[in-house]
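Worksheet: the structure to be examined is printed underneath.
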2 protein chains.
Amino acid sequence: MTKTNREDRGATIDAQFKALSDGTRRALLEHLVREGEQSVHALTAVSGVSQPMVSRHMAKLKRAELVTVRRAGRETFYAARAKGLAPVVQWMAVYGALWSQRFTALEGIEA
Amino acid sequence: MTKTNREDRGATIDAQFKALSDGTRRALLEHLVREGEQSVHALTAVSGVSQPMVSRHMAKLKRAELVTVRRAGRETFYAARAKGLAPVVQWMAVYGALWSQRFTALEGIEA
DNA sequence: TTCTTTCATAATCAAATGGTTATGGAATGG
DNA sequence: CCATTCCATAACCATTTGATTATGAAAGAA
């Protein structure tokens, strides 16, 4: 009864880990999680890198389905995507459970 | 008293995400988790890549503190390291929690 | 309309990365 | 002693990647 199909999950797991493997991208994502939806302009001000780089980082996060996009006029707002971490959490649940129990309490596993 | 200072953790989290961002490395790690301690020779037979590549992948996993090494004669045995995933789990716990917290009220909105 | 703001894309570059083959050092076995 | 097995490192190559500046489209302001 879950909405996410297997192929989708398998395909995105690599993209997600790759997306999360860069510090700048994680910082951007963390900012979105903490502060909520943000424009590229706002993200640029915070990120310490150029605006084009922010655009490219966000594009990668979007491909990894970790953020959603909302365009309003000339602005583009990005937000952390609900359940975006599910594939990674899933992987952790399967392969990480042997190493650490703590995170099994995390929600979003839905399997 | 120096269990895990913040810099250490910050450095490790990046190394860990990077280590996990490669499919071959994840496969090797998954194999260790499922089958237990394995020699480089055995890992090479399973990995589909050359022996030197396995050595390099394992070195990276070791730097990320995701595996431990045990040398016995001319063989080198690697094993998934207990609590190795802790930093990543920590990150997931912190941001995953904020994540779901932020979105619990918005279920069903995403397209 | 004209100027300005916001953003994405293209061109470019240096560095990192994943892969290979070649090599050499230690153990093990004849 | 000599050959073999196991592993790590070096040398090398192609691709990816993080970053920059330059450019242009589109929306808003004047």
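Computed from a predicted structure; not experimentally measured.
In this structure, the side-chain contact (heavy atoms from CB on, under 4.5 Å) partners of B/Arg26, at least two apart in sequence or on a different chain, are A/Ile13, A/Asp14, A/Phe17, A/Trp91, B/Leu20, B/Glu30. In terms of the ring-ring contact (aromatic ring centres under 6.0 Å, His included) criterion, A/Tyr78 has no residue partners (sequence neighbours excluded).
Reading DNA chain D from its 5' end, the first and the last nucleotide to sit under 4.0 Å from a heavy atom of chain A are D/dT17 to D/dG28.
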Protein-nucleotides 1-6 of chain C N/O pairs under 3.5 Å:
unit_1 : atom_1 : unit_2  : atom_2 : d
C/dT5  : O4'    : A/Arg74 : NH1    : 3.4
C/dT5  : O2     : A/Arg74 : NH1    : 2.9

Per-nt protein contacts along nucleotides 14-23 of chain C (heavy atom under 4.0 Å; B base, S backbone sugar-phosphate only, - none) come out as ---SBBBBB-

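Rounding to the nearest 0.5 Å places OG1 of B/Thr68 at 9.0 Å from CG of B/Leu32. B/Leu85 CG to B/Met92 CE: the interatomic distance, rounded to the nearest 0.5 Å, is 10.0 Å.
Side-chain N or O atoms of A/Gln16 include one that pairs as donor or acceptor with a backbone N or O of A/Gly84 at under 3.5 Å.
Residues A/Ala15 and A/Ala64 come closest through the heavy atom pair O-CB, 3.7 Å. The shortest heavy-atom contact between A/Val33 and A/Ala80 is CG2-CB, 3.9 Å.
Few gaps surround NE2 on A/His31; more than 12 heavy atoms of other groups in view lie less than 6.0 Å from it.
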Begin with the C-alpha distance, continue with both residues' side-chain angles, and end with the deciding distance and a verdict on side chain to side chain contact (heavy atoms under 4.5 Å, CB included) for A/Arg81 and A/Leu66.
CA-CA 5 Å; A/Arg81 180 173 169 273; A/Leu66 289 169; 5.8 Å; no

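Using a 4.0 Å heavy-atom cutoff across all strands shown, B/Tyr78 reaches sugar-phosphate atoms only and no base atom.
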Would you mind writing out the side-chain donor-acceptor pairs for residues 69-77 of chain A within the sub-3.5 Å range, not counting sequence neighbours?
unit_1  : atom_1 : unit_2  : atom_2 : d
A/Arg70 : NE     : A/Glu37 : OE2    : 2.8
A/Arg70 : NH2    : A/Glu37 : OE1    : 2.8

